[in-house]
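Below, chains carry the letters A, B, ... as their sequence lines are ordered, and counting in each starts from 1. Hydrogens, waters and symmetry mates play no part in the numbers below; they use all other heavy atoms, side chains included.
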Number of protein chains: 2
Amino acid sequence: MPRVTAEHRAARREQILVAAMDCVAREGFHKTTMAHVVSASGLSAGAVYGYFRSKEELISAIADRAVGMVGGVFARAAGQEAVPSPAEVVERVAASIEAQAADHGVDITRVAVAAWAEAVRDEQVHTVVAAKVGQLRERCLEIIRLQQRAGLVDPGGDPHQMAQAMLALFPGFILQRLILGDVTSASLGAGVAGLTYGPAATPAADHTGGSS
Amino acid sequence: MPRVTAEHRAARREQILVAAMDCVAREGFHKTTMAHVVSASGLSAGAVYGYFRSKEELISAIADRAVGMVGGVFARAAGQEAVPSPAEVVERVAASIEAQAADHGVDITRVAVAAWAEAVRDEQVHTVVAAKVGQLRERCLEIIRLQQRAGLVDPGGDPHQMAQAMLALFPGFILQRLILGDVTSASLGAGVAGLTYGPAATPAADHTGGSS
DNA sequence: CTGTCAAGAACGATCATTCGTTTTTATGCT
DNA sequence: AGCATAAAAACGAATGATCGTTCTTGACAG
């Protein structure tokens, strides 16, 4: 029995996964060859296939990780005690997405876009991504319910529909950011604030005191 | 000089393009092989390469067409005399996207998702898609300015930022529709209406009267 | 006839995957 | 403690299949 059993094995798997995500962020899923992944990971073809049975399995793992990271961002940015306005929630989540895109060596949002496209096409990836997106919208739903109780959004509206609308903003944020490059969390937050213009949103906005 | 010169030539090109879009909607850009396109178009490999110099050029043409169709939808749904509320605009555009997805044999939204992913990766497609998305946001901007004048959105807010926010909704709509499948133009419109809750938006929101 | 268009078999390149070999290391034995 | 051993892990060249593209051949209009 060489080396360790669980710890180093997980580390190697992570090493391959990170290298593969870097490739995918640059070239997408299908233009990324296993040779690229092998080269980027610093291992060999045989080693990579020791941790992932196929390229498909590797792609699923990447998609899961990428969408999951964006989801984690969501849970973190929203889990506050004071109930923020919709515009504030959107700005915080968008800011966390910006941070995620910059912090790591790889731009996670590029991988996420590739994962969306793959989810439309491949059943395996679809299952993985659908589950993560469903969890994301659950988070939205919780926030919306709090905001309804606080009178920040229409208390008579269907919270599920509002969660759909809130969640819908982020793919568009990511895409405009990647394709046009002139959108920031601040501009998106301000835009949402402008669209949700009305007295109901103002009292809460006063408390938290959003800057800029 | 056999056959016709311009008309039939354009028709052949269109025939190939439609066949290719059908393939892309089902399999994405990279899993679609030229052999598939050849088979679906009913022509031969040599003929296809007589109209498109390479697969890359075909992909660019498809991306241009797909994003352009969604953009046309936008211009049509928004070009009304009476100024609609943000929620109404969103619902109308989303409804037109739904119609586009169902009317043709091919689901154009699937092709659009593939085009986004390709725009992130390929410079040629990026240029094409960026131009179309820029035009789309110009349309948003015009609508926002009208809404500002009508007091439907914050008159003091930056219209560019609001246009960013409004446009951001549609990729998320398309993705939730394709991946989770439980979002409709009506639910999205109602959700936006609920989030933009306030006296300024209410008179218009009454009209739409979302069920549930 | 002649020049254009379509056909489709053939080609070279590329990619995912495998498998025989080599290296590494935990463990048993002295 | 030090060495031998077995098994797991890594290696990387070979493989079989697939894909984009080309090029020769045949058909048809002017």
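With a 6.0 Å cutoff to the six-membered ring centre and a 45° limit on the axis angle, B:Arg12 does not count as a cation-pi contact of B:Tyr51.
Minimum atom distance to the side chain of A:Ala45 is reached by C:dT18, of the listed D:dC11, C:dT18, C:dA7. Distances were taken from every side-chain heavy atom of B:Thr33 (C-beta onward) to each of D:dG20, D:dA10, C:dT17; the shortest belongs to D:dG20. Closest to the B:Tyr51 side chain, of the nucleotides C:dT17, D:dA10, C:dA6, is C:dA6. Here C:dT17 is the nucleotide among C:dT17, C:dA6, D:dA9 with the atom lying nearest to any side-chain atom of A:Met34. Comparing C:dT17, D:dG20, D:dC11 by their closest approach to the side chain of A:Tyr49 singles out C:dT17. Between D:dG20, D:dG12, C:dA7, one nucleotide has an atom nearer to the side chain of A:Ser44 than all others, and that is D:dG12.
Going from atom CG of A:Leu43 over to atom C1' of D:dC11 covers 10 Å, rounded to whole Å. Protein atom NE2 of B:His8 is 13 Å distant from nucleotide atom C1' of D:dA29, rounded to whole Å. We find that NZ of A:Lys31 is positioned 15 Å from C1' of C:dA16, with the value rounded to whole Å. Look at CD1 on A:Ile16: it is 11 Å from C1' on D:dA9, rounded to the nearest Å. The distance between atom CD of B:Gln15 and atom C1' of C:dC5, rounded to the nearest whole Å, is 14 Å. One interatomic measurement links the two molecules: CZ of B:Phe29 to P of D:dG20, which rounds to 13 Å at whole-angstrom precision.
Contact check for B:Lys55 versus B:Ile59: side-chain heavy atoms found under the 4.5 Å cut-off. Using a 4.5 Å heavy-atom threshold, the side chains of A:Gln147 and A:Met166 count as touching.
Looking at heavy-atom distances under 4.0 Å, A:Gly50 makes no contact with the nucleic acid at all. B:Ser39 comes within 4.0 angstrom of no nucleic acid atom, judged by non-hydrogen atoms across all strands. At the heavy-atom level, B:Ser41 lies nowhere under 4.0 Å from the strands shown.
Side-chain N or O atoms of B:Gln124 include none that pairs as donor or acceptor with a backbone N or O of B:Glu56 at under 3.5 Å. In this structure, the side chain of B:Gln15 does not engage the main chain of B:Gly42 through any donor-acceptor pair within 3.5 Å.
Phosphate proximity of D:dA10 to A:Arg12: present, with a side-chain N or O under 4.0 Å from OP1 or OP2.
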